[in-house]
2 protein chains.
Amino acid sequence: MSELEADATVTVDVVLFTIRQGRLSVLLVERQDDPFVGCWALPGGPPVAAADLDQSANRHLEEATGAAVSPGHLEQLRTYGTPDRNPEARQISVGYLGFMADLPAPVTAGDRPSARFWPHDDFLTGDDAPELVLDHRQIIGDGLERARAKLEYTTLATTFLEAPFTISDLRRVYQTVWGVQLEPANFRRKVVERTDGFVEPTGESRPTGRAPALLYRAGPATELTPPLVRPDADEAS
Amino acid sequence: MSELEADATVTVDVVLFTIRQGRLSVLLVERQDDPFVGCWALPGGPPVAAADLDQSANRHLEEATGAAVSPGHLEQLRTYGTPDRNPEARQISVGYLGFMADLPAPVTAGDRPSARFWPHDDFLTGDDAPELVLDHRQIIGDGLERARAKLEYTTLATTFLEAPFTISDLRRVYQTVWGVQLEPANFRRKVVERTDGFVEPTGESRPTGRAPALLYRAGPATELTPPLVRPDADEAS
DNA sequence: GGAATAGTGTCTATGAGACATTATTCC
DNA sequence: GGAATAATGTCTCATAGACACTATTCC
């Protein structure tokens with residue numbers, strides 16, 4: 001065989017989604033050094049010695065935010081290795097995808113002013129969209145698509161929420177990630193009655209400004225069979 | 001951060017499935033050199049310079065079989081990077097998953113006596129199961145699980161067949177990969193009537209020893225909505 | 001009372017699964 | 001004729017989706 005590259009540089013990069021103020025948002029870090037100064041990038045870095053790739057992804061998240069974030073779910077997304085994705089050297093990036101509940105305070109605290117959650121729509125269409133490093137915009141797009149698909153056939157939507165939560169909270173997670181409106185009545189039935197172990201009632205209820213809502217926590221189920229099918233997007237909020 | 005490993009060794013390894021004589025089989029290569037002499041391994045090797053990872057996977061398949069195989073489908077599976085998966089050095093493997101139609105002749109031809117398809121059941125339970133290198137048995141297991149899932153919601157089962165094929169041929173692909181029996185009547189209806197573009201009739205039919213069967217080729221559809229749901233495995237053949 | 005949200009009830013259309021039936025071929 | 005397979009017909013049950021309705025709270 002022709003020319004081989006056994007010693008490419010490897011990095012682990014994380015797409016961490018959360019929902020802030022009703023908007024799907026992704027954690028980015030402003031580059032202070034390297035090339036790309038001032039550009040924004042996914043949190044990440046080389047594999048940590050004696051740690052597997054999942055652990056390395058977690059470590060880089062802690063590193064980037066001063067341990068302010070801890071994902072409720074983290075999975076491998078895919079690996080990016082186009083020869084010219086980094087013009088300087090062959091670089092292979094193992095992408096990760098994470099979900100977490102919204103934080104009470106911004107991540108941008110104290111000694112880490114460079115990490116923040118960006119609403120996802122902003123850097124699709126916005127004018128003040130940050131400039132992203134390498135193919136990180138592509139990776140985020142792939143992460144979003146995976147997230148949307150996973151909500152269909154897993155119970156992972158609950159990892160966007162802190163327990164206890166209401167069925168409406170859970171429905172709003174679906175609506176935000178999918179960008180659609182869902183019928184409250186049918187959604188409730190699907191989640192509560194037709195899918196054992198998706199959520200379990202706490203017995204409490206929460207005043208919501210209108211009618212009080214029953215509270216739930218995540219159940220033991222991990223898969224949704226049959227799945228919760230995503231309607232054709234109508235791009236509602 | 002503590003210790004980082006920027007220069008891990010990278011390889012691309014391929015799980016290539018086909019169906020031979022009614023059995024799901026995977027392509028393996030006998031190691032002639034290195035450590036692991038005499039062990040069997042997935043075909044693969046380092047990324048090819050100036051080629052992306054998909055192309056590298058294809059190149060290693062050609063290399064291993066003298067261009068005898070060409071997958072009808074090839075996709076990235078996942079990346080393996082546990083620190084101790086290769087005791088000699090940190091090695092990160094990007095796994096690929098491929099499907100192809102059965103070959104008329106064995107792969108083991110001429111100057112490549114070291115590559116062959118192994119029936120999958122053999123190295124799960126068999127006594128003459130080959131010894132596999134590193135975590136390749138795990139990678140094959142992950143590939144099988146992915147393959148089973150993909151048949152549910154994509155049209156990729158046709159990539160196990162040469163056109164034209166009968167609906168029974170297609171059903172046997174599902175039965176072999178899933179390890180279950182399917183109701184012929186309902187399967188036919190699902191494939192032919194309820195999923196536009198899965199298969200399209202050629203107009204011909206083939207004598208099968210019994211009643212003649214209508215012939216089809218793969219259609220333009222790539223996804224199955226709603227999916228073809230896999231029954232609980234009863235481990236039939 | 002009016003508006004908004006939580007939760008329940010009910011109807012319809014679709015499709016999966018079970019199984020019967022007919023047609024065709026080889027023995 | 002008998003066995004095996006291809007293809008079609010028919011019935012039932014589960015459920016997604018649409019929508020009406022009641023209950024509760026804040027204004």
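In what follows, every heavy atom counts, from backbone to side chain, and hydrogens, waters and symmetry copies are set aside.
We find that CZ of A/Arg230 is positioned 17 Å from P of D/dA16, with the value rounded to whole Å. Rounded to a whole Å, the CG atom of B/Leu170 is 15 Å from the C1' atom of D/dA6. Taking atom CG on B/Asn186 and atom P on D/dG9, their separation rounds to 14 Å, with Å as the unit. In this structure, A/Arg188 atom CZ and D/dA18 atom P are separated by 19 Å, rounded to whole Å. Taking atom CD of A/Glu183 as the reference point, atom P of D/dA16 lies 14 Å away to the nearest angstrom. The interatomic distance linking B/Phe187 (CZ) with D/dT5 (P) rounds to 16 Å, in whole Å.
Annotation: cation-pi geometry satisfied between B/Arg78 and B/Tyr80 (NZ/CZ under 6.0 angstrom from ring centroid, within 45° of ring axis).
Side chain to side chain, B/Ser25 and B/Thr18 fail the donor-acceptor criterion of an N or O pair below 3.5 Å.
Under 4.0 Å is where a charged nitrogen must lie from a carboxylate oxygen, and between A/Asp169 and A/Arg206 at least one such pair does. Ion pair B/Arg23/B/Asp102 not flagged as a salt bridge, since none of the NZ, NE, NH1 or NH2 atoms sits closer than 4.0 Å to an Asp/Glu carboxylate oxygen. Using a 4.0 Å cut-off between charged nitrogen and carboxylate oxygen, B/Glu75 and B/Lys150 count as a salt-bridge pair. At a threshold of 4.0 Å, the pair B/Glu30-B/Arg116 does not count as salt-bridged, since none of the basic side-chain nitrogens sits closer than that to a carboxylate oxygen.
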So what is the 5' to 3' dot-bracket string for DNA chain D, if pairs are Watson-Crick or G-U wobble with both distances under 3.5 Å, crossing pairs use [ ] and | means the partner sits on another strand? |||||||||||||||||||||||||||
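Within 4.0 Å (heavy atoms only), A/Pro226 reaches sugar-phosphate atoms of the nucleic acid but no base atom. At a threshold of 4.0 angstrom between heavy atoms, the contacts of B/Thr166 with the nucleic acid are absent.
Taking 4.0 angstrom as the limit, A/Arg194 places a side-chain polar atom (N or O) nearer than this to OP1 or OP2 of D/dA16. Put simply, A/Lys190 has no side-chain N or O that comes within less than 4.0 Å of OP1 or OP2 on D/dT15.
We find the CG-CD distance between A/Asn58 and A/Glu63 to be 12.5 Å, quoted to the nearest 0.5 Å. A distance of 9.5 Å separates CG in A/Asp196 from OG1 in A/Thr225, rounded to the nearest 0.5 Å.
Ring geometry for A/His73 against A/Phe99 counts as tilted: the plane angle lies between 30° and 60°, on a 0 to 90° scale.
Considering only heavy atoms from C-beta on, A/Leu27 stays 4.5 Å or farther from A/Leu42 through its side chain.
If you find the closest nucleotide of DNA chain D to A/Ala185 and to B/Ala185, the one lying nearer the 5' end belongs to B/Ala185.
In 5' to 3' order, the nucleotides of DNA chain C bounding all contacts with chain B (an atom under 4.0 Å from a heavy atom) are C/dG15 to C/dC26.
Between A/Glu152 and the options A/Arg146, A/Arg230, A/Lys190, a salt bridge (Lys or Arg N to Asp or Glu O under 4.0 Å) holds for only A/Arg230.
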B/Phe165 vs B/Tyr216, ring-ring contact (aromatic ring centres under 6.0 Å, His included): CA-CA, chis, key distance, verdict: CA-CA 5 Å; B/Phe165 50 81; B/Tyr216 297 82; 7.3 Å; no
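No N or O donor and acceptor, one from the side chain of A/Arg189 and one from the base of D/dG17, sit under 3.5 Å apart.
Against DNA chain D, the stretch residues 202-214 of chain A makes heavy-atom approaches under 4.0 Å through A/Gly209, A/Arg210, A/Ala211, A/Pro212.
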